[in-house]
Amino acid sequence: MHVRTRFAPSPTGYLHVGGARTALFNYLFARKHDGTFVLRVEDTDQARNTDEARAAIFDGMSWLGLDWDEGEGKGGDFGPYNQSQRTAHYDKWFDVLKQKDRVYEDDGAWRFRFERKPITMTDLVCGEVTIDYTNLDNTPDMVVRRSDGSYVFHFVNVVDDLEMQITHVIRGEDHLMNTPKHLQLFEAFGVEPPQYAHIPLILNADGSKMSKRDTGAAVGDYSRQGYLPEGVVNFLALLGWNPKTDEEVFTLAELVDRFSLENVNRSPARFDLEKCAWLNQQHLLKLSPDDFAAAAKPFVEAAGLPITDRYPAAAAAVREKVRLLPEVPAALDFLLLDEIAIEDEPLAKVKNNAAAKELLAALAESFAGIQNWSADTAKQAIGETAQANGAKPGQLMFPTRVALSGKAGGPDLGDILAILGKDESVKRLRSFAEKL
RNA sequence: GACCCGUUCGUCUAGUGGUUAGGACUCCAGAUUUUCAUUCUGGCAACAGGGGUUCGACUCCCCUACGGGUUGCCA
């Protein structure tokens, strides 16, 4: 069997992380089985559809790296892939229902007559679930065609899945109770239904239902906030699915290799940005220095910092210090700026050390005398200067760091010295010593 | 209200009758790095509650509580 999955969002807002995860699981399952991943846009709600929302779907999917095989921009043999263009298909299948006397008119709309019997589905994640359709309380005959002639979600969704030959429907658990309705439709059409897998929903950090406006709800926010798509994909995959090993850091390709619906759990997961940030850092560390510098550049520019020729080295020096790209500007600003600000706390610490002023002044002269400037020769000078003044090298490291960066933490001191160069280092040392 | 699904450290999770209940994030402490970060080691921290079944339940059954979902001429 050739596996065909689909992601079928409606363009009524931005791309939601819950939707993105649904898309991811469909993508992983299709790729895992060398199948086809279809992107279908369910734009039947004319009143709420917007072009921005359409674009957000494609942009979000592309950013995450979830490339689809059929749909927008790709074509395919089962189009059109926008429901708004498929009316003729729906009319055709609606006639089938009519001919079989499975629909009846009600106030101008058409309702589908459910068979009144228990419907059991075998869900790939939830197992067997039975809904009793003899209980009319929860299962009134559903409208499939509105009085204005348009068709409702349940109907078009089933017709599309059937015509597009979808074999596996992986969707959010909010659709679990819809599935018997869809099964009844398939049965009425005389068509074998696809297999279903309902994945648990994503909740807010406090356990409440995640909806629009909630932190982290929009996929587009992640790129703006400096997350890597690999980090977000990795995080989303681990929400409700697990590889049954202690490994956690995976690329998209590795996820494809390990993915299985059997390892999807059934309980909803909360959204913990802390772990997402950590995963992001793990993926940041996998980047080459050049790729890292390129990825961080927009954030450095946005912070108003000049991209000088020191930038590539500066970016490389802070690569291991950040979890998120927006942290980069503050981490390397002193390497790009001519005038640096000395932070209060480290300054106070240095002032506590009575010998600091003399030590730093002596170090400046020692630096000035170095012929072949490098991280090693500079660090050697620190050691010698400290010793000559009866201090330990470690005692001089911190004041030097503060003099050069204005901060208590940051890149390796050797890196800082090498990037700044001899003249700039001497200059900063002298000017700082004078302030003490 | 009715119906459906769920409930293991704060969070993500492993665990399918007998385990010192494991890992990861966060936090804390040590080590290493002559500095910072990384890294390493260690620590804190969980089976929602009550009944059964069983020699023995986190694991099976029932009830309760809590959470989520569905119950639209939204998708």
Side-chain angles (χ1 to χ4, degrees), chain A residues 8-13 19 42-45 47-49 83 106-111 123 125-127 129-133 135-140 142-154 156-157 171-181 198 200-203 205-210 235 238-249 263 265-279 281-282 285 317-322 331 379 382-383 386 392-402 404-405 407-417:
Chain A
S10 58
T12 54
E42 305 213 330
D43 53 353
T44 54
D45 188 352
R48 293 197 298 154
N49 291 169
Q83 288 185 333
D106 176 20
D107 269 332
W110 289 80
R111 284 182 188 277
D123 189 275
V125 172
C126 302
V129 179
T130 301
I131 307 296
D132 188 0
Y133 272 68
N135 177 4
L136 274 74
D137 213 22
N138 299 300
T139 61
M142 68 173 168
V143 168
V144 288
R145 186 177 146 123
R146 302 186 186 92
S147 49
D148 67 0
S150 63
Y151 297 95
V152 304
F153 161 75
H154 297 107
V156 297
N157 191 266
R171 58 185 8 173
E173 204 196 85
D174 49 336
H175 285 297
L176 189 61
M177 300 292 279
N178 290 154
T179 305
K181 300 177 184 174
H198 289 88
L201 267 18
I202 297 178
L203 270 28
D206 65 0
S208 64
K209 175 180 151 189
M210 180 174 271
F235 177 63
L238 257 21
L239 240 37
W241 171 84
N242 76 82
K244 303 286 180 185
T245 69
D246 286 347
E247 300 169 276
E248 296 199 291
V249 183
N263 293 344
N265 40 9
R266 304 177 65 176
S267 48
R270 300 185 188 204
F271 209 71
D272 178 22
L273 266 339
E274 278 295 339
K275 189 147 188 179
C276 189
W278 177 78
L279 277 169
Q281 180 181 32
Q282 299 307 306
L285 289 170
V318 301
R319 195 162 81 98
E320 293 179 350
K321 326 284 175 195
V322 300
K379 285 212 286 195
I382 294 176
K392 287 179 184 171
Q395 288 178 293
L396 187 47
M397 296 290 253
F398 185 77
T400 305
R401 170 181 291 283
V402 177
L404 299 179
S405 73
K407 304 176 204 290
D412 180 89
L413 190 51
D415 287 344
I416 296 177
L417 291 162

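Below, read A as the first sequence line, B as the second, and so on, with proteins coming before strands; counting in each chain starts at 1.
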Test salt bridge (Lys or Arg N to Asp or Glu O under 4.0 Å) applied to [X] - qualifying residues, sequence neighbours left out:
{"X": "A:Asp132", "value": "none"}
{"X": "A:Asp415", "value": "none"}
{"X": "A:Glu274", "value": "A:Arg323"}
{"X": "A:Lys275", "value": "A:Glu248"}

request  = Go through the structure and list residues passing side chain to side chain contact (heavy atoms under 4.5 Å, CB included) with A:Ala269, not counting sequence neighbours.
outcome  = A:Leu239
Which residues share a side chain to side chain contact (heavy atoms under 4.5 Å, CB included) with A:Leu413, sequence neighbours left out = A:Ile382, A:Met397, A:Thr400, A:Arg401, A:Leu404, A:Ile416, A:Leu417
Within the sub-3.5 Å range, which N or O atoms of nucleotides 57-59 of chain B have a protein N or O partner, and how far apart are they?
none

Nucleotide N/O to protein N/O under 3.5 Å, stretch nucleotides 19-29 of chain B:
{"residue": "B:A24", "atom": "O4'", "partner": "A:Glu248", "partner atom": "OE1", "Å": "3.3"}
{"residue": "B:A24", "atom": "O2'", "partner": "A:Glu248", "partner atom": "OE1", "Å": "2.2"}
{"residue": "B:A24", "atom": "O2'", "partner": "A:Lys275", "partner atom": "NZ", "Å": "3.3"}
{"residue": "B:A24", "atom": "N3", "partner": "A:Lys275", "partner atom": "NZ", "Å": "3.0"}

With 3.5 Å as the limit, what N/O pairs link the protein to nucleotides 40-50 of chain B?
none

ask   = Can you list the residues that meet the side chain to side chain donor-acceptor pair (under 3.5 Å) rule with A:Arg146, with sequence neighbours excluded?
value = A:Ser150
task = Mark up nucleotides 61-75 of chain B, 5' to 3', with B wherever a protein heavy atom is under 4.0 angstrom from a base atom, S wherever such an atom reaches only the sugar-phosphate, and - elsewhere.
result = -------SBSSSBBB
ask   = Checking all strands, does A:Asn242 fall into the base, sugar-phosphate, or nothing category for heavy-atom contacts under 4.0 angstrom?
value = sugar-phosphate
remark   = Sorted by chain and number, sequence neighbours left out, ring-ring contact (aromatic ring centres under 6.0 Å, His included) with A:Phe153 holds for A:His175, A:His182
